[in-house]
Participant: 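Take a look at this one; I'll ask things after.
All residue numbers refer to positions in the sequence shown, counting from 1. Order of appearance sets the numbers: ligands from 1, and atoms from 1 within every ligand.
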Amino acid sequence: MPALHCTSLRIPRLLLTGAAGGLGRELRSRLKAYCDVLRISDIAELGAAAPGEELRPVALQDKAGMIDLLHGVDAVVHLGGISTEQPWEPILQANIVGVYHLYEAARLQGVRRIVFASSNHVTGFYRQHEVIDTEAPVRPDSLYGVSKAFGENLARYYFDRFGIETVALRIGSSFPEPKDRRMLATWLSYDDLERLVVASLTAPVVGFTVIYGMSDNRTSWWDNTKARHIGYRPQDSADTFRAAVEARQPQIDPNDPAAVFQGGVFVRTGPFE
Ligand code: NAI
Ligand code: 15L
């Protein structure tokens with residue numbers, strides 16, 4: 001696949017966690033163009049190694065395994081973890097304990113930059129008539145959103161204390177197409193996801209930066225002005241699909257919290273215990 005992002009920089013060894021997931025499978029084939037060796041990890045089946053790939057199955061809660069996983073790595077794209085609202089225990093293990101192991105491993109192995117898949121659910125309790133920027137106080141809409149806010153805070157601490165840079169991607173909805181009316185605002189195409197990840201890996205200085213992961217959608221709740229230094233320029237738009245989405249979902253219930261808040265159904269999912 002030809003590289004979409006305009007850069008000649010190559011990373012010697014790049015680690016991709018969560019490589020067996022929806023976004024991981026997309027990025028696995030795309031990121032190879034930007035590195036010499038792509039090390040991929042997950043607890044789910046990863047298949048066979050392609051040329052230039054290293055397969056390393058590791059659970060995020062396995063601290064020794066994570067330290068070993070980051071040996072010899074130059075940068076990390078961290079997608080691994082629980083990606084929806086779930087009971088507390090799996091979220092605790094993967095998204096709290098696991099992200100701590102990732103940053104400890106980065107510190108011990110001298111890794112200098114991490115692209116962290118955070119989520120729009122860090123701010124899901126803002127309303128759909130509000131436009132917020134990347135410095136608005138967090139308003140998580142779920143235990144999942146709280147866990148991603150923890151990951152962002154941990155990343156900020158590891159930058160301030162140890163100089164490990166992070167770009168926290170508050171991804172909206174990254175799927176082949178927007179599935180509903182909400183996703184006309186939150187959609188991130190796979191090509192724009194690639195542009196965003198590669199910009200985050202190759203921008204010369206990122207410190208600790210938060211950026212919303214969205215395409216160039218006409219409807220938008222998020223302002224990325226304060227992350228312009230990343231150099232991310234989306235080139236796709238959910239509006240290509242607008243007519244089809246509106247035909248499929250002509251009405252919304254304005255009293256449904258899922259239509260009121262930016263986080264959609266996450267604001268009324270759970271609790272599970
Ligand atoms: P996914 O659920 O398809 O993939 C996550 C992967 O992490 C899975 O392959 C899973 O096996 C792995 N994983 C889970 N627990 C683990 C553990 N304890 N140890 C090691 N690996 C573990 O999720 P998806 O959609 O690919 O998302 C990737 C990342 O991006 C996730 O962190 C998610 O929270 C974030 N994100 C995704 C969005 C989207 O629209 N797809 C939106 C916002 C955030
Ligand atoms: C997320 O954080 C989830 O990982 C993804 O599955 C979607 O639900 C997305 O947010 C969204 O808000 O649409």
Participant: If you measure from atom 43 (C) of ligand 1 to every heavy atom of L23, I171, I91, which option wins on shortest distance?
Facilitator: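 Result: the heavy atom closest to atom 43 (C) of ligand 1 is in I171.
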
Participant: Looking at D191 and R30, is there a salt bridge between them, counting it only when a charged N and a carboxylate O are closer than 4.0 Å?
Facilitator: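 Result for this pair is yes, salt bridge flagged.
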
Participant: Please state which option from G145, S119, G65, G81 has its nearest heavy atom closest to atom 14 (C) of ligand 1.
Facilitator: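 When every heavy atom of G145, S119, G65, G81 is considered, G81 comes closest to atom 14 (C) of ligand 1.
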
Participant: E85 side chain to L143 main-chain N or O, any donor-acceptor pair under 3.5 Å?
Facilitator: yes

Participant: May I ask you to list the atoms of ligand 2 that are less than 4.0 angstrom from any heavy atom of Y144?
Facilitator: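 In order of numbering, the contacting atoms are 1 (C), 2 (O), 3 (C), 4 (O).
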
Participant: Would a single hydrophobic cluster contain both V245 and M183, if residues Ile, Leu, Val, Met, Phe, Trp and Tyr are joined by side-chain heavy-atom contacts under 4.5 Å?
Facilitator: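 Different clusters: M183 never reaches V245 through Ile, Leu, Val, Met, Phe, Trp or Tyr contacts under 4.5 Å.
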
Participant: N/O of T186 under 3.5 Å from N/O of ligand 2, yes or no?
Facilitator: no

Participant: Can any side-chain N or O of R112 pair as donor or acceptor with the backbone N or O of E165 at less than 3.5 Å?
Facilitator: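 Judged by distance alone, no pair lies under 3.5 Å.
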
Participant: Linking I/L/V/M/F/W/Y whenever any side-chain heavy atoms sit under 4.5 Å apart, do I11 and Y232 land together?
Facilitator: yes

Participant: Can you sort out which atoms of ligand 2 are near S119, meaning under 4.0 Å from one of its heavy atoms?
Facilitator: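 The list of qualifying atoms is 1 (C), 2 (O).
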
Participant: Within 45 degrees of the ring normal and closer than 6.0 Å to the centroid, is that where the cationic atom of K179 sits relative to F175?
Facilitator: yes

Participant: Please determine which of R228, K226, R170 meets the salt bridge (charged side-chain N to carboxylate O under 4.0 Å, His left out) test together with D133.
Facilitator: K226

Participant: If you measure from the Lys or Arg side-chain nitrogens to the Asp or Glu carboxylate oxygens, is any gap between E152 and K148 under 4.0 Å?
Facilitator: no

Participant: Please determine whether any non-hydrogen atom of G98 lies less than 4.0 Å from an atom of ligand 1.
Facilitator: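 Outside the 4.0 Å threshold, so no.
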
Participant: Please state which protein non-hydrogen atom is closest to atom 6 (O) of ligand 2 and give its distance, to 0.1 Å?
Facilitator: F175 CZ, 3.7 Å

Participant: What part of S173 sits under 4.0 Å from ligand 1 if we count only heavy atoms: the side chain, the backbone, both or neither?
Facilitator: backbone

Participant: Could you check atom 3 (C) of ligand 2 against the protein and tell me its nearest heavy-atom contact, residue, atom and distance included?
Facilitator: S83 O, 3.0 Å

Participant: Hey, does G22 sit under 4.0 Å from ligand 2 if you only count heavy atoms?
Facilitator: no

Participant: Listing request: all salt bridge (Lys or Arg N to Asp or Glu O under 4.0 Å) pairs with a residue in residues 91-110, at least two apart in sequence or in separate chains.
Facilitator: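 Sorted result for residues 91-110: E104-R107.
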
Participant: Consider every N or O of H121 and every N or O of ligand 2, then say whether any pair is closer than 3.5 Å.
Facilitator: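 Indeed, backbone or side chain, H121 has an N or O that close.
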
Participant: Do V73 and V77 sit in one hydrophobic cluster, given that two such residues count as connected whenever their side-chain heavy atoms are within less than 4.5 Å of each other, even indirectly?
Facilitator: no

Participant: Would you say S118 contacts ligand 1, with heavy atoms under 4.0 Å as the rule?
Facilitator: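 Per 4.0 Å heavy-atom rule, S118 contacts ligand 1.
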
Participant: Counting heavy atoms only, which of Q61, E26, M183 comes nearest to atom 18 (N) of ligand 1?
Facilitator: Q61

Participant: State if V58 counts as touching ligand 1 under the rule of any non-hydrogen atom under 4.0 Å.
Facilitator: yes

Participant: Among V77, L79, N95, which one has a heavy atom closest to atom 31 (C) of ligand 1?
Facilitator: L79

Participant: Would you mind listing which atoms of ligand 2 come within a distance below 4.0 Å of any non-hydrogen atom of S173?
Facilitator: 11 (C), 12 (O), 13 (O)

Participant: At what distance is the nearest protein heavy atom to atom 8 (O) of ligand 2, and which residue and atom is it?
Facilitator: F266 CE1, 3.3 Å

Participant: Once you measure the plane-to-plane angle for Y212 and W222, does it fall in the parallel (<30°), tilted (30-60°) or perpendicular (>60°) bin?
Facilitator: parallel

Participant: For atom 9 (C) of ligand 2, what is the nearest protein heavy atom, given as residue, atom name and distance?
Facilitator: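 Answer for atom 9 (C) of ligand 2: G172 O, 3.2 Å.
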
Participant: Give the single entry among L60, T17, L69 that approaches atom 19 (N) of ligand 1 most closely by any heavy atom.
Facilitator: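 Looking at heavy atoms only, L60 sits closest to atom 19 (N) of ligand 1.
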
Participant: Does even one non-hydrogen atom of G213 get within less than 4.0 Å of ligand 1?
Facilitator: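 Outside the 4.0 Å threshold, so no.
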
Participant: Would a single hydrophobic cluster contain both L193 and V115, if residues Ile, Leu, Val, Met, Phe, Trp and Tyr are joined by side-chain heavy-atom contacts under 4.5 Å?
Facilitator: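 Yes, V115 and L193 fall within the same hydrophobic cluster.
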
Participant: What are the atoms of ligand 2, with element, lying closer than 4.0 Å to any heavy atom of R182?
Facilitator: 11 (C), 12 (O), 13 (O)

Participant: Please confirm whether H121 approaches ligand 1 to less than 4.0 Å, judged on its heavy atoms.
Facilitator: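 Checking ligand 1 against H121, which is what was asked, there is no heavy-atom contact under 4.0 Å.
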
Participant: Taking the six-membered ring for Trp and the single ring otherwise, decide whether the centroids of F241 and W187 are under 6.0 Å apart.
Facilitator: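 Between W187 and F241, which both carry aromatic rings, the centre distance is below 6.0 Å.
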
